[in-house]
Amino acid sequence: MIKSMTGYGKASAILPKGTLSFEIRTLNGKNADVSLKYSILPKDKELAAIQIISESLHRGNIDVFMSWEPS
């Protein structure tokens with residue numbers, strides 16, 4: 001299996017109270033450099049989210065966008 005550091009993914013979940021959307025973009029890089037852009041995650045949970053992402057995506061410049069649209 002080929003493992004590339006460049007990629008794009010988008011997913012949405014329709015929940016009873018609204019829609020939760022995630023978008024991830026990655027580019028080549030030697031280390032995992034995670035950038036979070038969100039409006040729904042409390043600041044004190046940001047470091048934990050970065051650690052979870054870094055455990056799965058080991059290398060590259062990683063941009064994660066999270067959004068919530070209430071219904």
Side-chain angles (χ1 to χ4, degrees):
M1 179 201 295
I2 297 172
K3 292 186 178 183
S4 175
M5 290 181 282
T6 302
Y8 174 82
K10 186 173 184 178
S12 296
I14 300 173
L15 304 172
K17 294 188 177 189
T19 303
L20 180 63
S21 299
F22 287 90
E23 181 179 345
I24 299 177
R25 293 186 294 191
T26 61
L27 295 173
N28 292 337
K30 289 189 175 194
N31 299 314
D33 180 22
V34 179
S35 170
L36 291 176
K37 295 169 180 72
Y38 56 87
S39 61
I40 59 170
L41 191 66
K43 276 286 192 198
D44 62 334
K45 302 295 183 193
E46 182 176 355
L47 185 58
I50 289 173
Q51 288 175 339
I52 291 169
I53 293 165
S54 296
E55 288 172 4
S56 297
L57 305 173
H58 305 287
R59 295 181 62 185
N61 296 322
I62 304 158
D63 293 321
V64 180
F65 303 91
M66 296 181 278
S67 65
W68 171 257
E69 283 185 42
S71 54

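Computed over heavy atoms, backbone and side chain alike; hydrogens, waters and symmetry mates excluded.
Heavy atoms from other residues, nucleotides or ligands lying under 6.0 Å from NZ of Lys45 number 12 at most.
Ile53 and Ile40 fall within a single hydrophobic cluster, where Ile, Leu, Val, Met, Phe, Trp and Tyr are joined by side-chain heavy atoms under 4.5 Å apart, directly or via other members. Cluster membership check: Val34 shares its hydrophobic cluster with Tyr38, using side-chain heavy-atom separations under 4.5 Å among Ile, Leu, Val, Met, Phe, Trp and Tyr.
One finds the CG atom of Asp33 at 12.0 Å from the OG1 atom of Thr26 (value rounded to the nearest 0.5 Å).
For residues 52-71, no pair satisfies side chain to side chain donor-acceptor pair (under 3.5 Å), with sequence neighbours left out.
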Could you give the side-chain donor-acceptor pairs of residues 9-24 under 3.5 Å, partners two or more places apart or in another chain?
unit_1 : atom_1 : unit_2 : atom_2 : d
Ser12  : OG     : Ser21  : OG     : 3.1
Glu23  : OE2    : Tyr8   : OH     : 3.3

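Considering only residues two or more places apart in sequence or on other chains, Gln51 meets the side chain to side chain contact (heavy atoms under 4.5 Å, CB included) condition with Leu47.
What you find for Leu57 and Ala32 is that their closest heavy atoms are O-CB, 3.7 Å.
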